[in-house]
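For the numbers below, each heavy atom of this structure counts, side chains included, while hydrogens, waters and symmetry mates do not. The first residue of the sequence shown is numbered 1, and numbering continues consecutively from there. Keep in mind that this is a model prediction, so the values were computed, not measured.
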Amino acid sequence: PLTVEDVSINITDNPTHIAIYPNPTTMSVTLRREGDANSAEVRIYSLDGRLLYTTQWDGLSHSIDLNSFAAGVYMLHVNNKTYKITKQ
């Protein structure tokens, strides 16, 4: 017998666009989203996987102070999307 399983991917009708600037940065980075102001979880990880920052983001923009971060590349996670940010 032939077994068929659903392996489709759910895509939202209105994906949220997130702008991250300035990138690269020396002091802070600002996140701005268009349209969808639902709460989002924001996390920053080092490249070796250590969680360095976490917060809930409500509203359309959010600024993150990176002064305590060493120069380098970091992974920014917003809900289920990942972005690369560079601290100089």
Sequence-distant partners of Tyr53, ring pair (Phe, Tyr, Trp, His ring centres under 6.0 Å), two or more places apart: none
Cationic N near anionic O, under 4.0 Å, Arg43 to Glu41: yes
State, to 0.1 Å, how close [X] and [Y] come at their nearest heavy-atom pair, and which atoms those are.
X	Y	answer
Ser39	Asn79	O-ND2, 4.2 Å
Ile64	Leu31	CD1-CD1, 4.1 Å
Ser63	Thr30	OG-OG1, 4.0 Å

Measuring from atom [atom1] of [X] to atom [atom2] of [Y], what distance do you get when rounded to the nearest 0.5 angstrom?
X	Y	atom1	atom2	answer
Tyr74	Phe69	OH	CZ	6.5 Å
Ile20	Arg33	CD1	CZ	12.0 Å
Ile44	Leu66	CD1	CG	5.5 Å
Tyr83	Leu76	OH	CG	8.0 Å
Leu51	His77	CG	NE2	9.0 Å
His17	Lys81	NE2	NZ	9.5 Å

Backbone N/O of Val73 and side chain of Lys87: donor-acceptor pair under 3.5 Å: no
Parallel, tilted or perpendicular: rings of Trp57 and His62 (30°, 60°): tilted
Residue pair Thr86 / Thr25, side-chain heavy-atom distance below 4.5 Å: no
Contacts of type side chain to side chain contact (heavy atoms under 4.5 Å, CB included), residue Asn80, not counting sequence neighbours: none
Residue pairs involving residues 50-72 (criterion salt bridge (Lys or Arg N to Asp or Glu O under 4.0 Å); sequence neighbours excluded): Asp48-Arg50
